[in-house]
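Scroll down for the structure; my scribbles are underneath it.
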Amino acid sequence: MKNVLMIFMLMISFPSFAQDADELFSWETAKVNNKVPLTLTYKEFEGIYKKKADSITAPLPEQICGTEAEKSAKMVYYRGARYEMDNGVMNFRELDFSPRKNMFFQQKDDWFDHTTTLKGFGKTYPIAVSAAEEEQDDDDTEPWKVVTLLPQEKELGCLWLFYFKKGKLKKIKCEFSCN
């Protein structure tokens, strides 16, 4: 979380790290499997998938900021997707491609799944890929390549993180600042 905040501050502070308007990522246009919006009610979620979530759990400490308002929050998991739910409203947080290969993430005409390569991603987001950070995974010797995209909606207060390993996309996270 501290690394994400530091990257966010650097990207805001230094114009040389600023991303081109074409490299911003939009919450409003992004969807999971081209049908699930990033904000929806649990009832809408069940209607779209015709199923209940795989699990609903209390959030881990690193998944929330620990504010009073978050005490009732739950994490909703479904086929690698993780949503934060509060008062029945779900907001996207992560899509991990390792549990299920039939999930994908879409924004406008771009889609991302377990077959997305860092090289291919770099054709659409060259500035972001050139500034990719390496992050060491505790249980693996090969580090993650983490590509950060800023949100199109500046008021959102998050960063889009795309995690690549061995040149392939493994997960997408929308990381919110606790400030």
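On a predicted model such as this, the values are computed, not experimentally measured, just so you know.
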Spacing of Lys74 atom NZ and Thr57 atom OG1 [to the nearest 0.5 Å]: 8.0 Å
Are the side chain of Asn91 and the backbone of Thr39 linked by a donor-acceptor contact shorter than 3.5 Å? no
For Gly47, does its backbone N or O pair with a side-chain atom of Lys50 as donor and acceptor, under 3.5 Å? yes
For the residue pair Tyr83 and Tyr77, establish whether any side-chain heavy-atom pair is separated by less than 4.5 Å. no
For a quick test of reading the model, state the closest non-hydrogen atom pair linking Glu134 to Pro143 and the distance between them. OE1-CG, 3.5 Å
Heavy atoms only: give me the nearest Pro37-Leu40 pair and the separation to one decimal. O-CD2, 3.4 Å
Counting N and O atoms only, with roles assigned by atom type, does the side chain of Glu155 sit under 3.5 Å from a partner on the main chain of Gly157, one being a donor and the other an acceptor? no
Quick check for you: to the nearest 0.5 Å, what is the distance between Leu38 atom CG and Ser26 atom OG? 8.5 Å
Contact between Leu156 and Phe25 at the side-chain level, heavy atoms closer than 4.5 Å - yes or no? no
Below 2.5 Å, is that where the SG pair of Cys65 and Cys178 sits? yes
So, does Glu153 use its side chain to make a donor-acceptor pair with the main chain of Glu28 at under 3.5 Å? yes
Can you tell me how far apart CD1 (Ile172) and CZ (Arg82) are? Round to the nearest 0.5 Å. 13.0 Å
Whether the side chain of Glu46 engages the backbone of Lys43 through a donor-acceptor N/O pair (distance < 3.5 Å, no angle test) should be reported. no
Within a strict 4.5 Å, meaning less than it, do heavy atoms of the Tyr163 and Leu161 side chains meet? yes
Would you verify whether the NZ or CZ of Lys31 falls within 45 degrees of the ring axis of Trp111 while also being under 6.0 Å from that six-membered ring's centre? no
For a quick test of reading the model, state the closest non-hydrogen atom pair linking Ala128 to Thr148 and the distance between them. CB-O, 3.6 Å
Between Leu95 and Ile56, is there a shared hydrophobic cluster once you connect ILVMFWY residues whose side-chain heavy atoms come closer than 4.5 Å? yes
Quick check: do Glu23 and Pro126 have side-chain heavy atoms less than 4.5 Å from each other? yes
Give the ring-plane orientation class for Phe45 versus Tyr42, where under 30° counts as parallel, over 60° as perpendicular and anything between as tilted. parallel
State, with a plain yes or no, whether a side-chain heavy atom of Asn33 is found less than 4.5 Å away from one of Ile48. no
Mind checking whether Trp27 and Phe176 have parallel, tilted or perpendicular rings, split at 30° and 60°? perpendicular
Just how far is it from atom NZ of Lys171 to atom OG of Ser98, taken to the nearest 0.5 Å? 8.5 Å
Does the side chain of Leu169 come within less than 4.5 Å of Asp113's, by heavy atoms? no
Minimal heavy-atom distance between Leu24 and Pro151, with the atoms involved, is CD2-O, 4.2 Å
Can you tell me how far OH of Tyr49 sits from CD of Glu44, rounded to the nearest 0.5 angstrom? 13.5 Å
Rounded to the nearest 0.5 Å, how far apart are CZ of Phe162 and CG of Leu149? 5.0 Å
4.5 Å side-chain heavy-atom contact, Val129 and Leu118: yes
Heavy-atom check, side chain of Thr116 versus side chain of Lys168, under 4.5 Å: no
Backbone N or O of Lys145 within a donor-acceptor pair of the Glu135 side chain at under 3.5 Å? no
Tell me whether Glu142 is salt-bridged to Lys165, with the criterion being a basic N under 4.0 Å from an acidic carboxylate O. no
Using a distance-only test with no angle check, is there a side-chain donor-acceptor pair under 3.5 angstrom linking Ser72 and Asn87? no
Considering all heavy atoms of both residues, which atom of Phe92 and which atom of Cys174 are nearest to each other, and what is their separation? CD2-CB, 4.1 Å
When you measure from the side chain of Glu84 to the backbone of Arg93, do you find a donor-acceptor pair of N or O atoms at a distance under 3.5 Å? no
Anything under 30° is parallel, anything over 60° is perpendicular, the rest tilted; go ahead and classify Phe112 against Phe105. tilted
Check the pair Met85, Met75 against side-chain contact (heavy atoms from CB on, under 4.5 Å), reporting the backbone distance first and the verdict last. CA-CA 6 Å; Met85 182 171 65; Met75 291 297 162; over 6 Å; no
With a distance cut-off below 6.0 Å to the six-membered ring centre and an angular limit of 45° from the axis, does Lys170 pair with Phe97 as a cation-pi contact? no
Minimum-distance pair of heavy atoms, taken over all atoms of Ile64 and Pro59: CG2-CB, 3.7 Å
